[in-house]
Amino acid sequence: MKPMQPVRGTADLMPRQKSQMNIVLEKASLIASRYGFQDMETPIFEFTEVFSRPLGESSDVVAKETYSFEDRGGSSLTLRPEGTASVMRALISNGLTQSLPQKFFYAGPMFRYERPQKGRMRQFHQIGCEYIGSFNPLADAEVIGCAAQFLSELGVLHSCRLHLNSLGDGESRDTDRAALVAFLPHYKNELSSDSQRRLNENPLRILDSKADEDREILKNAPQLLAFLTTQAQQHFEQVTNALDKAGINWQLDINLVRGLDYYSHTAFEFITDELGSQGTVLGGGRYDGLSAMLGGPDIGAVGFAAGVERLALLIEQKQEFTYDIAVVITDDNAASDGFALAQNLRLQGLKTDIPMAPQLGKKLKRASLIGCKLSFIIGENEIKSDTIQVKVMTTGEQKQMEISQALSFAEKFLKHGLEGNLSE
RNA sequence: GCGGGUGUAGCUCAGUUGGUUAGAGCGCCAGUUUGUGGUAUUGGAUGUCGCCGGUUCAAAUCCGGUCACUCGCCCCA
């Protein structure tokens, strides 16, 4: 074993980064609750079939990105590469198909074996909302609305564009695929090598190829929207009408398709151009087929997932950890009194530290280093007179006070900042 | 899985066409200040130059390999 370094694609979430992510997490949970999405959590691994069936054996996620292993009992298990399949499995396992609809919010780590890049890790974190048990287009709109408000309140919506497309229902998909399969082989030799491979595996995904030669050919290719059934068209229209009426901006992206097999109808992504090629910051869509693929009843569902690390990279706000008060103990004889004082302050709800250093000067230095606004200095002299020295760190002002007096001063000072007056 | 870039002190980075004891800023430690921090000033410590091998009288510098990070492709959050 050589390096004391984390496994490739994993990262320690040190306080600075973790606090940044907490902003995202807390905001997501808050906004989701306004839409009725209730917090829940599933295990981070499942039987492999939970993912391999619904996501599609040929999908990149299953084909080459999963962490799968056999446990000691011989079961094939997989670390979850995404949240939706697990949530649906949990709904079925818990017998909730009888009490629909259900609206869930979840957050937690996901695992994909990929080449790491900025905003792309092998262990990363997602938050997501799933609205399960409705075929109504308003459910799509509600999910998108929730996503938009979430991004907006994080302050990142302005730098994102909402891309929208309809994949249609099963019937639309079949006719479209047939048309595409009939069209593309004429150009087989001109397609990029990736797309030639996809021709057999998943022709729909050729649509969002970025290779120039493919784009040229696709200009004349049959388009998804043209093959939507009447019902699928109506569904899409009702979604977009609802978004328009609510003032949520979107743009049609006819090449937006989803890599996972269970998607149908609405597909959407919020894309930013501030993160290089990892621009998709939140994505989702309708997945009416998923429940049946897992052996459940025919249930309509729609949801989204967002990458916590990617969002954390976008938000500017930083929270520095600061203390309110340092209890500075000048000599060992005052140790227990100082400790009791600090403990009391913490019971009052004040963030308090006891600087540990060999000399008084070092203790005060430590106090200002970690951002204490006040120092309460206590030593033998103070104990004799039942007082402490209160020092305002920004100005250096200092005054001897009784402890109760010091407490009420601290309360006032921390609330009103510099208006607190020492000479009062 | 495929391509490009980078790896020098805790951090950000200099380091000439290969040349002797490898540098700066910030940070850290200590003194000026034995019951008073922040500012100032003086001094100090710190490196297997990512790792392994090769070329050479001589390698941080050139070559090969390897590991890590990073940017792109693929795909996605």
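In the text below, chain A, chain B and the rest are named by the order of the sequence lines, each starting its count at 1. We use all heavy atoms of the structure for the numbers below, so side chains are in, but hydrogens, waters and symmetry mates are not.
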Just one of A:Val308, A:Ile315, A:Leu311 clears the side chain to side chain contact (heavy atoms under 4.5 Å, CB included) bar with A:Ile23, so which one?
A:Ile315

Please classify the nucleic acid contact of [X] as base, sugar-phosphate, or nothing, using heavy-atom distances under 4.0 Å.
X	answer
A:Arg366	nothing
A:Gly396	base
A:Met110	nothing
A:Ala367	nothing

How long is the line joining [atom1] of [X] and [atom2] of [N], in whole Å?
X	N	atom1	atom2	value
A:Tyr113	B:G1	OH	C1'	10 Å
A:Ile370	B:G37	CD1	P	16 Å
A:Tyr106	B:A77	OH	P	9 Å
A:Glu269	B:C76	CD	P	8 Å
A:Leu311	B:C76	CG	P	18 Å
A:Glu65	B:C73	CD	P	15 Å

Show the nearest heavy-atom pair for residues [X] and [Y], with the distance to one decimal.
X	Y	result
A:Leu79	A:Phe69	CD1-CE2, 3.6 Å
A:Glu382	A:Ile377	CG-O, 3.9 Å
A:Leu345	A:Thr352	CB-OG1, 3.5 Å

By side-chain hydrogen bond (donor to acceptor under 3.5 Å, both in side chains), which residues pair with A:Asp353, not counting sequence neighbours?
none

Qualifying residues under side-chain hydrogen bond (donor to acceptor under 3.5 Å, both in side chains), relative to A:Thr266, sequence neighbours excluded:
A:Asp140

Side chain of [X] only, please: which of [options] is the nearest?
X	options	answer
A:Gln117	B:G37, B:A77, B:C71	B:C71
A:Met393	B:A77, B:G37, B:C71	B:G37
A:Glu114	B:G1, B:A77, B:G38	B:A77

Need to verify one output field. Residue with the more 5' nearest nucleotide on RNA chain B, A:Ser368 or A:Ala305?
A:Ser368

By nearest heavy atom, map A:Leu369 and A:Val7 onto RNA chain B; which one lands nearer the 5' end?
A:Leu369

Atom pairs and distances, side-chain donor-acceptor, residues 357-372 of chain A, under 3.5 Å, sequence neighbours left out:
{"residue": "A:Lys363", "atom": "NZ", "partner": "A:Ile329", "partner atom": "O", "Å": "2.6"}
{"residue": "A:Ser368", "atom": "OG", "partner": "A:Lys365", "partner atom": "O", "Å": "3.0"}

Taking the same atom, [atom1], in [N] and in [M], what whole-Å distance lies between them?
N	M	atom1	result
B:G10	B:C51	P	13 Å
B:G38	B:G50	C1'	38 Å
B:G1	B:A59	C1'	35 Å
B:U42	B:G27	P	15 Å
B:U6	B:U46	C1'	24 Å

Sub-3.5 Å pairs of nitrogen or oxygen atoms, protein against nucleotides 29-36 of chain B:
{"residue": "B:A30", "atom": "OP2", "partner": "A:Lys362", "partner atom": "NZ", "Å": "3.2"}
{"residue": "B:G35", "atom": "O6", "partner": "A:Asn381", "partner atom": "N", "Å": "3.3"}
{"residue": "B:G35", "atom": "O6", "partner": "A:Asn381", "partner atom": "OD1", "Å": "3.3"}
{"residue": "B:G35", "atom": "O6", "partner": "A:Asn381", "partner atom": "ND2", "Å": "2.4"}
{"residue": "B:G35", "atom": "N1", "partner": "A:Glu382", "partner atom": "OE1", "Å": "3.0"}
{"residue": "B:G35", "atom": "N1", "partner": "A:Glu382", "partner atom": "OE2", "Å": "3.1"}
{"residue": "B:G35", "atom": "N2", "partner": "A:Glu382", "partner atom": "OE2", "Å": "3.0"}
{"residue": "B:U36", "atom": "O2", "partner": "A:Lys391", "partner atom": "NZ", "Å": "2.9"}
{"residue": "B:U36", "atom": "O2", "partner": "A:Gln398", "partner atom": "OE1", "Å": "3.1"}
{"residue": "B:U36", "atom": "N3", "partner": "A:Gln398", "partner atom": "OE1", "Å": "2.8"}
{"residue": "B:U36", "atom": "N3", "partner": "A:Gln398", "partner atom": "NE2", "Å": "3.1"}
{"residue": "B:U36", "atom": "O4", "partner": "A:Gln398", "partner atom": "NE2", "Å": "2.7"}

Residues A:Ser166 and A:Arg286: side-chain donor-acceptor under 3.5 angstrom:
no

Base B:C67 to side chain A:Arg8, donor-acceptor N/O within 3.5 Å cut-off
no

Identify, residue by residue, the members of residues 27-43 of chain A with a heavy atom below 4.0 Å from RNA chain B, and return them in order of residue number, or none.
none

Compute the ring centroids of A:Phe104 and A:Phe37, then answer whether they are less than 6.0 Å apart.
no

Got a list of side-chain donor-acceptor pairs under 3.5 Å for residues 119-132 of chain A, not counting sequence neighbours?
{"residue": "A:Arg122", "atom": "NE", "partner": "A:Glu114", "partner atom": "O", "Å": "2.6"}
{"residue": "A:Arg122", "atom": "NH2", "partner": "A:Glu114", "partner atom": "O", "Å": "3.2"}
{"residue": "A:His125", "atom": "ND1", "partner": "A:Glu309", "partner atom": "OE2", "Å": "2.8"}
{"residue": "A:Glu130", "atom": "OE1", "partner": "A:Tyr287", "partner atom": "OH", "Å": "2.5"}
{"residue": "A:Glu130", "atom": "OE2", "partner": "A:Thr84", "partner atom": "OG1", "Å": "2.8"}

Given 3.5 Å as the limit, does a donor-acceptor pair link the side chain of A:Asp288 with the main chain of A:Ala301, or not?
yes

